[in-house]
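Notes follow once the structure below has been shown.
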Amino acid sequence: MSTLSVIATIAAIVGSALIGGIFFAFSNFIMKALERVPSSEGVLAMQTINVTVLNRWFLGIFSGTALICLALAVIAIVGWGSGQSPYLLAGAVAYIGGTFLVTGIGNVPLNDKLAGVAPEKPDSVEVWEHYLERWTKLNSQRTGSGLLASVLFSIGLVYA
């Protein structure tokens, strides 16, 4: 494994663990806390979170890790005979499929729907209850996928 590949793998470990940890915090206590407040307050808080998360630090780590994973998948496929290749490819699939794509296909559409809700309107309660259940399930999947990717990349690094 080249020095550049080792650096990319370490970056993927850190990035996927960091993203998994952020998602863990949401599933473990942030969403549970928002569930305990009146729905109008929960909706408003989550709408605010969904706007503020779109910053260069979060998006840079989230998207940058996906790009590094894509590069590691190519490295794994090209060098398939090496011991680390299955772990690098599996880590890349776990991150790209389980965090990045789930976000785009599942969580972002839910966020978009929530963004169109007026928190003080009576119909916001039904939207919020659906959002809490579905978004948190998807987020827990993203948590597991991010952490799994980190473990798989770590094993791949050991085999390097």
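Throughout, residue positions are numbered sequentially from 1 according to the sequence presented.
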- Which atoms form the tightest heavy-atom contact between Ala160 and Met1, and what is the distance? CB-SD, 3.4 Å
- Considering non-hydrogen atoms only, spot the tightest contact between Asn107 and Asn139 and give its length. ND2-N, 4.0 Å
- Note on the structure: Here the salt bridge (Lys or Arg N to Asp or Glu O under 4.0 Å) pairs for residues 132-145, sequence neighbours left out, are Glu133-Lys137
- Who passes ring pair (Phe, Tyr, Trp, His ring centres under 6.0 Å) against Phe23, sequence neighbours left out? none
- Item | Minimal non-hydrogen separation, Val53 against Asn50, with atom names | CG1-O, 3.5 Å
- Message: Between Ser140 and Thr143, does the side chain to side chain donor-acceptor pair (under 3.5 Å) criterion hold? Intermediate values first, please.
- Response: CA-CA 5 Å; Ser140 295; Thr143 299; 5.4 Å; no
- CD1 on Ile19 to CD1 on Ile61, rounded to 0.5 Å: 6.0 Å
- Ser63 side chain to Gly60 main-chain N or O, any donor-acceptor pair under 3.5 Å? no
- Query: Does some side-chain heavy atom of Ile22 sit less than 4.5 Å from a side-chain heavy atom of Phe62?
  - Reply: no
- pair Ser145-Gln141: side-chain heavy atoms closer than 4.5 Å: yes
- Message: Looking at Leu132, is its backbone amide N or carbonyl O close enough to the side chain of Glu35 to form a donor-acceptor pair, meaning the two atoms are under 3.5 Å apart?
- Response: no
- Message: If you compare all heavy atoms of Thr65 against all heavy atoms of Ala12, which two are closest, and at what distance to 0.1 Å?
- Response: CG2-O, 4.2 Å
- Query: With Phe24, which residues qualify under ring pair (Phe, Tyr, Trp, His ring centres under 6.0 Å), at least two apart?
  - Reply: none
- Message: Which heavy atom of Val117 sits nearest to which heavy atom of Ser124, and what is that distance?
- Response: CG1-CB, 3.2 Å
- Message: Just so I know, are the side chains of Tyr131 and Val43 near enough to count as touching, which here means a heavy-atom distance under 4.5 Å?
- Response: no
- Task: Taking the side chain as every heavy atom from C-beta outward, state whether Ile68 and Tyr95 have any pair of such atoms under 4.5 Å apart.
- Result: no
- Is Tyr159 atom OH crowded by more than 12 heavy atoms from other residues, nucleotides or ligands, each under 6.0 Å away? no
- Does the side chain of Trp80 reach to within under 4.5 Å of the side chain of Pro86, using non-hydrogen atoms? yes
- Message: Any heavy-atom pair between the side chains of Pro119 and Glu41 that's under 4.5 Å?
- Response: no
- Query: With a 4.5 Å heavy-atom cut-off, do Leu148 and Leu152 have their side chains touching?
  - Reply: yes
- On a heavy-atom basis, the closest approach of Ala149 and Gly91 is CB-O, 3.4 Å
- Do Leu157 and Gln84 come close enough that some side-chain heavy atom pair is under 4.5 Å? no
